[in-house]
Amino acid sequence: MIDRPFLSAPGAGIGRSGRVALWVRARGLSVLPVLTVVAALLALWYLACIPMNAAQSVTDAARADIAVTPDSARDRRSMSGLALALANPGVAARSAFTQARPRLPAPHQVARELWATTALVSPTSNRSLIHHAWVTLSATLLGFVIGTGLGIVLATGIVHSRVMDLSVMPWAIVSQTVPIIAIAPMIIVVLYSIGIEGILPKAVISAYLSFFPAVVGMVKGLRSPDRMQLDLLRTYAASGAATFLKLRLPASLPYLFASLKIGIAASLVGAIVGELPTGAVAGLGARLLAGSYYGQTVQIWAALVAAAILAALAVGAIGVIERITLSRLGLRL
Amino acid sequence: MTALARPAPIAAALALVLLALVSPRAVPILALWLAAFALNLWLAGRDTRSARMAVPAIFGVTVLILWEITVWLYAVPGVILPAPTAIAAAFTANLRTLWGDFVQTFVKGALSGYAIGCLSAFAVALLADRFAFLKSGLLPVGNFMAALPIVGTAPILVMWFGFDWQSKAAVVVAMVFFPVLVNTVAGLTDTQAMQRDLMRTYGAGYWATLTKLRLPAAMPFVFNGLKISTTLALIGAIVAEFFGSPIQGVGFRISVSVGQLALDMVWSEIVVAALAGSLFYGIIAAIETRVTFWHPSNRG
């Protein structure tokens, strides 16, 4: 109802919606509450590490001949992590944050892994997260540019042609409710079987996922000028092209940027999921998969945090471009 | 439109002749496309309610027919793109399997996760709403989290909760939590000072104001989050199955069938996912229309 046709990309697994994002931004950012919430989340994370890793902590302690309750390994196996942590608070708390393969790594372990795989190895090395992030990001950006470009072209067609509007727009909206990303593995395999591999299959998925947000947002934006403004241009005897370039296009920019932010996040998810099914050797998705194969939890978390940072940087970069462009055009946010 | 109508058929005929010289097999494809386009053009010009329904339907059917013809004419192998009829055949032949997958992924994984995630997000939103400090901290964080690739937590949660539907439900909870939270918190502040003042003049306390004014007023936002989450839930459940699942489920079948190059089966599962997604969305949207009957956009 609010975003109708709604400006979001749930089909790509992105829960951000354009209207709410604008609403949140309009309220402004107050640093202290945000920092408090983030600190609370981190504290919760640390706290959760203790019961999550309790089984391993207690087993290690028992092997080192430290008295633990209950005494027998069989009894311990049937207990939950929370119960074990409560029975052996000292042991569980002491070694919850230092295990090599914890069930839940502590934030500082993830940070150390991130630091070790970005700053301490050469960016071209296979172990470097920067290398993997770049592999994913390049596919994301290529797909994003293609998908957004096509989306803008289609949106222009939809706004100017009633038949295109009637025939395509309902499908563009319905397609948002379809879990599009589920077909990512198929696209990869099919393209591979006809000889296309490397960056392109992932880019195709990214393009597909950023396509619909761009269409929906641009259609909304190009239609945002009201009767009065369109009539004014008519009194100037402005041609269709002039109306488009001087009124519709500038008016659509806020909507375009809202959908670009959603589109880039969707593209990134597409590229990451596109790396999962084929056993790709490089990329953040490949890191996730390899980590889950070998039980390298710290590596999974590091890849996950890297993906989150990448998403934040990409969305932030578009936000910066938005601010510059809109202020050049004299539009205030 | 009328000025365009005359040169358009000539241009179309010209394009057909040119195409026939280059690739004869493409002629029926393009001819059909142009015919359907002309029909839609004519219908769109009439602008009745039935025309508005018919045009997208014709477009969809045309795409399906063109897909079918293209596959036949160019003899596209089934391991690259199966024809719609082949997909329909696979769909009907495997109804029992597909139903089992649907129950495993949608009913067990997605629905339970959706219910838990939405309810807990709603509860946290109500709590955050009582404290302005918490609210102004949670909103930007939640909005940021909603843009993150949360599906990536799937391998971790599968490791924690095992291969069965519990881990899928956990992924779904993680995915739907923040969109619903942010939307609900945003919705709860979506009242005007005048309305709140009116409640105060009635001597209404917090709970009366909440249930009689703010919750109803929040519903458009809440349903926005709930609707987005329907699709998110399905995605979370499907993608989580790529990381390990019992021998059932939409995501499991997709990854296995892709490995066997049984693309008709993959497409059948996509049809299942699309139907489930649209239906789920449609049900929530229908409930929304009932609940928010007062909203301007529902009073047409």
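Below, chains carry the letters A, B, ... as their sequence lines are ordered, and counting in each starts from 1. As a basis for the values below, the full set of heavy atoms in this structure was taken, side chains included, without hydrogen atoms, waters or symmetry mates. This is a predicted model, so every value here is computed, not measured.
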Contacting region of [X] [heavy-atom separation from chain B under 4.5 Å]:
X	result
Val37(A)	side chain
Ile264(A)	neither
Leu32(A)	both

(message) Take a 6.0 Å sphere around OH of Tyr293(A) and say whether it holds more than 12 heavy atoms from other residues, nucleotides or ligands.
(response)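 Incorrect, the count does not exceed 12.
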
(message) Please check if the number of heavy atoms outside Phe133(B) that lie under 6.0 Å from its CZ is greater than 12.
(response)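 Yes, because the 6.0 Å sphere around CZ of Phe133(B) holds more than 12 heavy atoms from other groups.
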
Do you know which two heavy atoms are closest between [X] and [Y], and how far apart they sit?
X	Y	result
Ser136(B)	Val34(A)	O-CG2, 3.9 Å
Ser17(A)	Ile228(B)	CB-CD1, 3.4 Å
Trp160(B)	Arg103(A)	NE1-O, 2.9 Å

Between side-chain atoms of residues 164-172 of chain A and protein atoms elsewhere (two or more places apart, or another chain), which donor-acceptor pairs fall under 3.5 Å?
residue   : atom : partner   : partner atom : Å
Asp165(A) : OD2  : Arg223(A) : NH2          : 3.0
Ser167(A) : OG   : Val163(A) : O            : 2.5
Trp171(A) : NE1  : Pro56(B)  : O            : 2.9

(request) Could you please state which residues from residues 268-276 of chain B sit under 4.5 angstrom from chain A, measuring non-hydrogen atom to non-hydrogen atom, sorted by number, or 'none'? (result)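 Ile270(B), Ala273(B), Ala274(B), listed by number.
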
N/O donor-acceptor pairs under 3.5 Å from side chains in residues 295-318 of chain A, not counting sequence neighbours:
residue   : atom : partner   : partner atom : Å
Thr297(A) : OG1  : Pro102(A) : O            : 2.6
Gln299(A) : NE2  : Arg287(A) : O            : 3.1

Hey, what do you get for [atom1] ([X]) to [atom2] ([Y]), rounding to the nearest 0.5 Å?
X	Y	atom1	atom2	answer
Ser292(A)	Phe242(B)	OG	CZ	13.5 Å
Ile156(B)	Leu288(A)	CD1	CG	7.5 Å
Leu148(B)	Ile14(A)	CG	CD1	7.5 Å
Ile181(A)	Leu234(B)	CD1	CG	12.5 Å

Contacting region of [X] [heavy-atom separation from chain A under 4.5 Å]:
X	answer
Val258(B)	both
Thr230(B)	neither
Leu81(B)	neither
Phe144(B)	side chain
Ile254(B)	side chain
Ile80(B)	both
Val180(B)	neither

May I ask you to name which of [options] has the most heavy-atom pairs under 4.5 Å with chain A?
options	answer
Thr189(B), Thr62(B), Val176(B), Val239(B)	Thr189(B)
Ile150(B), Thr153(B), Ile58(B), Val79(B)	Thr153(B)
Trp267(B), Phe178(B), Phe223(B)	Trp267(B)
Pro179(B), Ala147(B), Ala186(B)	Ala186(B)

(request) Report the residues that fulfil side chain to side chain donor-acceptor pair (under 3.5 Å) with Thr136(A), sequence neighbours left out, ordered by chain and then residue number. (result)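 Testing Thr136(A) for side chain to side chain donor-acceptor pair (under 3.5 Å), a comparison that skips the adjacent residues, returns Glu275(A).
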
